[in-house]
Amino acid sequence: MKGGFQLRFAINCYAKNMAKHSGENTRVVAVVVAYNRAELLAETLQGLSAQSRPADAIVVINNASTDNSAVVAARCRVVTEVLTLPENLGGAGGFAAGIARALSRHRADLVWIMDDDTVPGPAALEKMLQCRENYEGEVCITASKAVWTDGREHPMNKPRLRPFVRLEWMRAAQKVGARPIRSASFVSIMFPASAVREHGLPIGAYFLWNDDFEYTSRLLKHQVGLYVPSSIVVHKTKKFGDSSANPGARFVNEVRNKMWMFRYSDSLKPWEKLLYGGKTAMRWALTFKNGPAQVGKYFCQGIGESKHAPRTNAELFAHTPVSEDVATYREYPRKEDAPFSVLMAVYAGDNAQHFEDSLRSISREQIRKPNQIVLVQDGPIFGELQAAVTRASEIARQNVDVVKLDENGGLARALRVGLQHCEHELVARADADDISLPTRFERQIPMMAELDLLGSAITEFETALTKIGITRIMPQFRPEISEVARWRDPFNHPTVVFRKTMVEAAGSYEDCERLEDYWLFARMIQAGARVYNDPTALVYYRVDSGAYNRRGGRELAKAEFNLQVKFYRVGFTNVAQFVRNVVARSLYRFIPTGVRRSIYRGIGSLLWYRRK
């Protein structure tokens, strides 16, 4: 586990170096959710207008206020948009709507959110941006210090510090005057658009209470969050104290939402659920002791409402002005507890040590272990590789089902046969020479709750993980995936997880020299499969010295042409796309290897991928 944490920290640092934004060039959109506090809203907007580093846009979500909050916001010169919802959807619904709007309509790189009783200090935004910029790694969330009107730190908004934090995370945070956190309130936090695209929006059905706990802990499960004391905001609540002082009828929301979180969300690890569950029980006990007589009634009502899963954001926002904005971002997947298989093939040309490393990475080194591993031996193998396959179960520290084929028939046949031996609906692919990160299946399997085909980014490496190359980040959502698929393969094959029934319905893997995965994915997309690409790199993809040479040649050009003919015949591409693809991709296969490498690493990194 120690190695897994170190690896994730190293990847965070690497990602930061690859995609580092400066405070000046980053587009920050502030989102304020308002409901019947016009005077306080005016103070919030005044605080935003006085920032030493102004926000690039300000969106006010008017939660069906009955006072003149909408008028106050509309008259403020720094406000970019005022959007009024047809009904009060609570803080959870308001922030989900505002975040979606900030990204889809205002092109936010970073989203800064707060309530209408939060007054940011003049340097609040500047200090958070400086912290992000100077931190040695990638930061997901930065949280301001919230104080009450008398200057005392507000107990309602103290972020939960990350327990058992790694030493390197703590040192990196201390260097920028911050502390690592596990969750934070929605009173002045900032996070990148990429986090929303990756993890979805807050769950609007929470309405009030624990929506911020669920969402921020979801974003920070494997990413860094920082408490920035130099970024100060004033939270002008009526009283000084935490939210448990006298919850009244809101205790229904507290109980229901906590139960929803523990039951349906995977934002917390199992041991964290025990930790925070114990703290919740103690908090509820104090509420019963000190609260009004109706606490028991509210508790039972909350338990009753929690028996049904929360409504999806698509349902909640269906008849609102932000329905299309919200639909842009996938629903946060409810926890998928289904078992899954891993499918791998090995043949005589594979390296024994690479195979062992790959097998370990998908089994004993995974946080979430597969329920079945199917290894297809594609034809005779010899020597060290044969010995490694014989010891496969010992290497994996779990049973490995080895399926032996008498003759080498190619990857498509091997995977087609192997898929028939997979016992579970969810199947993850892995190659015999790549390395899966320890968090791969823990991250991917819950996402499959609402998907048929899921891929992720990959990071290329050569002989060792110290020699890192391009990170291939594929198109994320179905519209873009479908569009890109008409030109190139929109998935990194060694990263995919799919539903077995959907693959079989599409005809499974068919023979198509070195392009069998592209052909399968195209048919699945055409059949309406629910697809998504996680922008996080979850697999290290091995690229040896002969990789660029193998991407050219007459045989591959011929296979490419045959695939394009298949696409055209099934209606996946039109005439213009067919001609474009044949000409461009044929030229790419016949140019010298050195030129091909330059095009791939140069143009590819600018248009398609991200490189070091």
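Heavy-atom basis, side chains included; hydrogens, waters and symmetry copies ignored.
- Residues I458 and Y540 are not in side-chain contact: their nearest non-hydrogen atoms beyond the backbone lie 4.5 Å or more apart.
- None of L453, L451, I445 except one satisfies the side chain to side chain contact (heavy atoms under 4.5 Å, CB included) rule with V497; the exception is I445.
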Q | N257 and E214: CA distance, side-chain angles, deciding distance, side-chain hydrogen bond (donor to acceptor under 3.5 Å, both in side chains) verdict | A | CA-CA 9 Å; N257 294 352; E214 191 283 328; over 6 Å; no
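- With ring centers used as reference points, F213 lies under 6.0 Å from Y276.
- Side-chain atoms of S436 and Q366 form no donor-acceptor pair, as typed in the model, at a separation below 3.5 Å.
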Q: Please report the C-alpha distance between D211 and L208 in whole Å, then the side-chain angles of each, then the deciding distance to 0.1 Å, and finally whether the side-chain contact (heavy atoms from CB on, under 4.5 Å) criterion is met.
A: CA-CA 7 Å; D211 50 320; L208 191 70; 5.9 Å; no
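- Other residues, nucleotides and ligands place more than 12 heavy atoms under 6.0 Å from the CD atom of Q353.
- Separating the OG1 atom in T536 from the CD atom in Q444 is a distance of 10.0 Å, to the nearest 0.5 Å.
- For the pair P475 and E483, the minimum side-chain heavy-atom distance is 4.5 Å or more.
- Once rounded to the nearest 0.5 Å, the distance linking CD of E356 with CD1 of I395 reads 4.0 Å.
- Distance alone, capped at 3.5 Å, is enough to place a donor-acceptor pair between the N533 side chain and the P490 backbone.
- Between D266 and R263 there is no salt bridge, since none of the side-chain N atoms of the basic residue sits less than 4.0 Å from a carboxylate O of the acidic one.
- Checked by atom type, the side-chain pair S265/W260 shows no donor-acceptor distance below 3.5 Å.
- The nearest pair of heavy atoms linking K221 to L268 is NZ-O, 4.2 Å.
- For R179, the CZ atom is loosely surrounded, since the number of other residues' heavy atoms within 6.0 Å does not exceed 12.
- Side chain of E315 to main chain of T312: a donor-acceptor pair is present (N/O by atom type, distance under 3.5 Å, no hydrogens or angles).
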Q | Y541/F461 under ring-ring contact (aromatic ring centres under 6.0 Å, His included): CA gap, chis, key distance, verdict | A | CA-CA 6 Å; Y541 180 79; F461 75 103; 8.5 Å; no
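- Side-chain atoms of L520 and V503, non-hydrogen and from C-beta on, do get closer than 4.5 Å to each other.
- Distance alone, capped at 3.5 Å, is enough to place a donor-acceptor pair between the R478 side chain and the I525 backbone.
- For the 3.5 Å distance criterion, the side chains of N399 and D401 qualify, holding a donor opposite an acceptor.
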(Q) Using side-chain contact (heavy atoms from CB on, under 4.5 Å), reason through S341 and H424 one step at a time and then give a plain yes or no. (A) CA-CA 6 Å; S341 304; H424 304 296; 3.3 Å; yes
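- Less than 6.0 angstrom separates the ring centroid of Y532 from the ring centroid of F477.
- Under the 3.5 Å distance criterion, the side-chain polar atoms of Y227 are left unmatched by any main-chain donor or acceptor of P180.
- Dense packing is recorded around CZ of R364, with more than 12 heavy atoms of other residues, nucleotides or ligands lying under 6.0 Å away.
- One finds the CG atom of L167 at 8.5 Å from the CD atom of Q174 (value rounded to the nearest 0.5 Å).
- A donor atom on one side chain and an acceptor atom on the other are not found under 3.5 Å apart for H235 and E153.
- Salt-bridge formation is not detected for the pair R542/D434: no Lys NZ or Arg NE/NH1/NH2 atom is positioned less than 4.0 Å from an Asp or Glu carboxylate oxygen.
- Of the inter-residue distances, the one linking M128 atom CE with T142 atom OG1 reads 4.5 Å to the nearest 0.5 angstrom.
- S188 and T118 form no side-chain donor-acceptor contact under 3.5 Å, judged by distance and modelled atom types alone.
- A salt bridge does not link E442 to R368: none of the charged side-chain nitrogens sits closer than 4.0 Å to a carboxylate oxygen.
- For W169 and Y135, the ring centers sit 6.0 Å or farther from each other.
- Between R182 and E272 there is a salt bridge, with a side-chain nitrogen of the basic residue lying less than 4.0 Å from a carboxylate oxygen of the acidic one.
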Q: Apply side-chain hydrogen bond (donor to acceptor under 3.5 Å, both in side chains) to R429 and H493, showing your working.
A: CA-CA 7 Å; R429 271 282 292 121; H493 190 202; 3.3 Å; yes
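- Taking both residues in full, the closest heavy atoms of A485 and Y518 are given as O-OH, 2.7 Å, listed atom of the first, atom of the second, then distance.
- When side chains are defined from C-beta on, V111 does not count as touching M190, because their heavy atoms never get closer than 4.5 Å.
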Q: For side-chain hydrogen bond (donor to acceptor under 3.5 Å, both in side chains), just list the numbers for D534 and S456, CA-CA rounded to whole Å, side-chain angles, deciding distance to a tenth of an Å, and then say yes or no.
A: CA-CA 4 Å; D534 186 344; S456 82; over 6 Å; no
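- Using a 4.5 Å heavy-atom cutoff, the side chains of T216 and F191 are not in contact.
- Side-chain contact annotation: S306 with R256, donor-acceptor N/O pair under 3.5 Å absent.
- Between the N313 side chain and the G204 main chain, a donor and an acceptor come within less than 3.5 Å of each other.
- With D109 contributing its side chain and T26 its backbone, the two residues share no donor-acceptor pair below 3.5 Å.
- You'll find the side chain of S363 stays beyond 4.5 Å of the side chain of K369, heavy atoms only.
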Q: Evaluate side-chain hydrogen bond (donor to acceptor under 3.5 Å, both in side chains) for S231 paired with S144, printing each intermediate quantity in order.
A: CA-CA 5 Å; S231 173; S144 298; 2.7 Å; yes
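- The shortest heavy-atom contact between C422 and K500 is O-NZ, 2.6 Å.
- Taking 4.5 Å as the limit, every side-chain heavy atom of V342 sits out of range of all side-chain heavy atoms of V374.
- The closest donor-acceptor contact from the side chain of R27 to the backbone of H106 lies under 3.5 Å.
- A distance-only check finds no donor-acceptor pair linking the side chain of K258 to the backbone of T280 [under 3.5 Å].
- With rounding to the nearest 0.5 Å, the separation of CG in D56 from CG in L125 is 8.5 Å.
- In this structure, S358 OG and N351 CG are separated by 11.5 Å, a value rounded to the nearest 0.5 Å.
- Salt bridge annotation for R530-D452: present, with a cationic side-chain nitrogen under 4.0 angstrom from a carboxylate oxygen.
- Ion pairing of K175 with E136 is present here, as a side-chain N (NZ or NE/NH1/NH2) and a carboxylate O approach within less than 4.0 Å.
- At a threshold of 4.5 Å between non-hydrogen side-chain atoms, the residues I435 and L437 do not count as touching.
- Closest heavy-atom contact between W112 and A124: CZ2-CB, 4.1 Å.
- Between the side chains of E126 and Q130, at least one donor-acceptor pair of N or O atoms lies under 3.5 Å.
- Taking each heavy atom of D489 and M474 in turn, the nearest pair found is O-CE, 3.6 Å.
- Of all non-hydrogen atoms in M502 and M524, the two that sit nearest each other are CB-CE, 4.0 Å.
- A side-chain donor-acceptor contact under 3.5 Å links N371 to the backbone of F340.
- N492 places no side-chain N or O within 3.5 Å of a backbone atom of P494 that could act as its donor or acceptor partner.
- Relative ring orientation between F186 and F95 is described as perpendicular, the plane-to-plane angle rising above 60° on a 0-90° scale split at 30° and 60°.
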